[in-house]
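Have a look at the structure below, then the notes.
Just so you know, these numbers use all the heavy atoms, side chains as well, and skip hydrogens, waters and symmetry mates. In what follows, every chain begins at residue 1, and chains take the letters A, B, ... in the order their sequences are listed.
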2 protein chains.
Amino acid sequence: MVVPVEMSRKRPVSLSSSLARRLEQLILDGTLKSGKPIPSERQLAERLGVSRNILREALKELRGRGVIDTQHGRGSIVKGLVPNLEQGNALTYLFREHPRTLYDLLEVRELLEGRAAYLAADRGTEEDFHRITHAFEAMEQAGQESTDPVRSAQLDHAFHQTISEASHNPVLVHTLQSLMELMLNSVLASVNNLYHRETSKKQIDRHHRQIYNAVIGRQPDWAQKAATAHIRNVRERLLEIEQEEQRLDRSSDWEKLLR
Amino acid sequence: MVVPVEMSRKRPVSLSSSLARRLEQLILDGTLKSGKPIPSERQLAERLGVSRNILREALKELRGRGVIDTQHGRGSIVKGLVPNLEQGNALTYLFREHPRTLYDLLEVRELLEGRAAYLAADRGTEEDFHRITHAFEAMEQAGQESTDPVRSAQLDHAFHQTISEASHNPVLVHTLQSLMELMLNSVLASVNNLYHRETSKKQIDRHHRQIYNAVIGRQPDWAQKAATAHIRNVRERLLEIEQEEQRLDRSSDWEKLLR
DNA sequence: TCATTTCAACTGGTACTACCACTTTGACTA
DNA sequence: TAGTCAAAGTGGTAGTACCAGTTGAAATGA
């Protein structure tokens with residue numbers, strides 16, 4: 001009921017403003033995910049222990065700043081923060097023209113995933129670990145039952161994303177997300193090839209298990225090492241695949257795939 | 001073939017938002033003069049024929065846009081209109097109100113700059129080194145002559161950018177660029193503070209020289225170590241500055257109490 | 001059976017009232 | 001004269017009631 005408001009600002013912070021702040025923090029932490037709807041005003045107001053009036057003022061503030069989008073009768077959705085990181089245009093062009101950029105991307109991703117795993121092991125909460133476990137088990141189970149490469153890629157992505165979110169670094173999360181979207185949008189087909197090869201699949205599964213155990217076991221250094229090794233492995237595999245394909249079809253499978 | 005123009009206006013404008021517009025118009029017309037107080041909420045609400053709730057939401061919008069300034073128990077005054085046009089991006093606010101995000105960003109930047117320096121030392125061409133040298137010398141020279149913090153920041157940025165470009169990883173370059181734009185647009189003032197402090201400046205110059213020498217000398221590991229240390233140092237300095245500013249805020253509160 | 005209509009239960013938008021917290025002012029007191 | 005303090009003004013919150021779009025599932029029609 002009574003919500004303590006701590007502050008050290010010049011002027012006393014109004015409840016509605018600090019509310020807006022709290023909501024933003026929730027978005028940054030990933031509790032409220034970009035693109036997803038947020039609870040209704042009545043629910044939120046009750047859950048946060050404030051009147052709907054004041055909750056509305058807070059939402060108004062977020063809305064004015066473009067953080068959320070609201071429609072009468074439907075609800076509000078998170079529009080996402082850090083829009084400047086939508087690097088779509090410039091880089092999608094690059095991918096079309098120079099497929100090798102994929103390895104450059106994986107080079108960056110290797111760094112970021114490693115750091116994310118480190119931080120996740122270091123400052124992830126029990127709830128984070130719960131989500132990670134859930135994603136991991138879903139991935140393992142699907143790996144035994146189904147052979148659908150698309151689903152595998154999705155679960156893979158989900159697993160890595162839960163880990164990055166456990167890092168509690170929103171900039172890291174959003175950057176990785178941007179890179180992943182870029183990758184999935186442009187070269188999904190090639191990535192899927194990985195899951196068709198038994199040797200690759202086994203290796204990937206082993207890496208995933210290493211990452212998972214290290215994070216859950218709160219072993220930051222191991223987690224980082226496992227994650228970087230994982231991405232590096234993916235990168236090398238893709239390189240092999242590409243060379244193979246080039247041998248088979250000199251004239252570019254790539255461009256067809258990327259178009 | 002004539003297409004009604006206003007068909008795209010699917011969403012009705014909420015009363016509170018249009019109210020905010022009307023109030024802004026009143027300010028533009030001079031009815032509400034800059035610096036002067038505006039009528040109380042109760043008066044305004046009655047005069048405009050709306051509920052006080054909705055009037056408050058409108059004021060909240062103006063307040064969020066920096067058009068008016070409100071104090072509990074006193075009232076609201078017009079701060080002036082059109083303060084900053086490009087303020088639109090939520091990031092400016094985000095970084096101002098959530099300083100932690102800045103450290104999150106620098107945490108990511110530390111990784112990327114380190115890797116960029118490593119790669120630059122490893123696979124940079126002579127031409128790259130030429131550009132880096134050019135940028136480095138310009139920075140050093142300006143450091144002795146001028147004390148313009150803005151120019152210093154620009155040259156600093158240019159130096160780091162030439163290095164990242166020497167990494168020949170476009171994804172890395174682009175990601176770093178995005179992060180830098182984010183930072184410069186939002187917290188330029190704070191960053192500039194760094195160049196005002198002699199001790200900071202000396203330390204920064206030393207780090208830059210270390211990075212430069214390591215890259216030019218083709219010492220990837222040293223380059224990486226120097227670059228990460230550099231960014232980490234910046235991060236810690238900014239933390240100090242922020243804490244200082246918070247102390248200043250509190251002391252100014254004391255003055256107010258004594259007066 | 002399938003397409004259509006209808007309606008109930010959501011959602012956000014607006015109004016009104018009562019009260020709390022802060023600031024200013026000025027009359028009253030010491 | 002200097003200090004006290006209470007009233008009246010201000011913005012801040014809470015709560016209720018109702019209006020207005022949206023949705024989806026049950027009821028209806030062909």
Side-chain angles (χ1 to χ4, degrees), chain A residues 1-23 32 35-79, chain B residues 7-23 32 35-79 252-259:
Chain A
M1 184 67 68
V2 177
V3 181
V5 178
E6 98 276 34
M7 34 117 220
S8 58
R9 285 297 180 208
K10 265 185 180 177
R11 255 183 275 165
V13 184
S14 73
L15 177 54
S16 61
S17 287
S18 64
L19 256 186
R21 221 188 141 90
R22 280 176 65 185
L23 290 174
L32 299 179
K36 299 242 172 171
I38 67 179
S40 74
E41 295 182 350
R42 290 170 176 83
Q43 281 183 36
L44 259 185
E46 187 184 8
R47 190 149 65 188
L48 296 175
V50 300
S51 78
R52 199 178 144 221
N53 264 342
I54 248 53
L55 191 266
R56 275 181 60 79
E57 289 190 11
L59 291 181
K60 185 92 191 173
E61 202 169 325
L62 297 183
R63 206 169 330 168
R65 231 177 279 127
V67 176
I68 64 174
D69 189 32
T70 305
Q71 290 187 33
H72 192 171
R74 303 179 86 184
S76 299
I77 63 170
V78 178
K79 280 174 72 178
Chain B
M7 283 306 279
S8 60
R9 191 194 69 84
K10 256 192 167 176
R11 247 180 286 176
V13 189
S14 73
L15 177 53
S16 60
S17 288
S18 63
L19 255 185
R21 270 190 113 75
R22 278 177 66 185
L23 290 173
L32 300 178
K36 298 256 175 172
I38 67 178
S40 74
E41 295 182 351
R42 288 171 178 81
Q43 282 183 35
L44 259 185
E46 188 183 9
R47 200 180 309 178
L48 296 175
V50 299
S51 78
R52 200 180 143 219
N53 259 345
I54 249 51
L55 189 267
R56 276 181 59 78
E57 287 190 12
L59 291 181
K60 186 91 191 173
E61 200 168 326
L62 296 183
R63 205 170 330 171
R65 233 178 278 147
V67 176
I68 65 174
D69 189 32
T70 305
Q71 290 185 34
H72 193 170
R74 303 179 86 182
S76 299
I77 63 170
V78 179
K79 278 174 72 178
S252 67
D253 259 71
W254 293 348
E255 286 175 21
K256 195 174 171 187
L257 288 176
L258 295 178
R259 184 156 37 87

* Asked: B:Ile77 CD1 to D:dG11 P: how many Å, rounded?
  -> 12 Å
* Structure fact -> What one should report as the nearest heavy-atom pair of B:Ser16 and B:Ile54 is CB-O, 3.8 Å
* Could you name each residue pair satisfying salt bridge (Lys or Arg N to Asp or Glu O under 4.0 Å) that touches residues 45-54 of chain B, not counting sequence neighbours? => B:Glu41-B:Arg52
* Structure fact -> On DNA chain D, more 5' by nearest nucleotide between A:Ser16 and A:Arg42 is A:Ser16
* Whole-Å distance separating the CG atom of B:Leu44 from the P atom of D:dG11 -> 9 Å
* Structure fact -> B:Glu41 atom CD is separated from C:dC19 atom P, nearest whole Å, by 19 Å
* Structure fact -> Here the distance between atom C1' of C:dT23 and atom CD of B:Gln71, to the nearest Å, is 10 Å
* **Length of the line joining A:Glu46:CD and D:dT16:C1', which is rounded to integer Å** => 15 Å
* Taking only heavy atoms on the protein side, list every residue of residues 49-57 of chain B lying under 4.0 Å from any atom of DNA chain C, sorted numerically. => B:Val50, B:Ser51, B:Arg52, B:Asn53, B:Ile54
* **Under-4.0 Å side-chain N/O to phosphate OP1/OP2 contact, A:Arg74 with D:dT23** => yes
* Check the distance between C:dT11's P and A:Leu59's CG and give it to me in whole angstrom. => 13 Å
* With sequence neighbours excluded, residues passing salt bridge (charged side-chain N to carboxylate O under 4.0 Å, His left out) with B:Glu57 -> A:Arg56
* Looking at OG1 of B:Thr70 and CD1 of B:Ile38, how far apart are the two atoms once the value is rounded to the nearest 0.5 Å? -> 6.5 Å
* Short side-chain N/O contact to D:dG11 OP1/OP2 from B:Thr70, under 4.0 Å -> no
* Which whole-number value in Å describes the distance from B:Leu15 CG to C:dC16 P? -> 12 Å
* To do: Would you state whether a donor and an acceptor, one from the side chain of B:His72 and one from the base of D:dG11, lie under 3.5 Å apart?
  => yes
* To do: Establish, with yes or no, whether the OP1 or OP2 oxygen of D:dG9 is under 4.0 angstrom from a side-chain nitrogen or oxygen of B:Gln43.
  => no
* Asked: If you measure from CG on A:Leu62 to CD1 on A:Ile68, what distance do you get to the nearest 0.5 Å?
  -> 5.0 Å
* List in chain and number order the residues that pass side chain to side chain contact (heavy atoms under 4.5 Å, CB included) with B:Ser17, two or more places apart in sequence or in another chain; answer none if no residue qualifies. => A:Lys60, B:Val13, B:Ser14, B:Glu61
* What residues form a side chain to side chain donor-acceptor pair (under 3.5 Å) with A:Arg74, not counting sequence neighbours? -> A:Gln71
* Asked: For B:Ile38 and D:dT10, what is the distance between atoms CD1 and P respectively, to the nearest whole Å?
  -> 12 Å
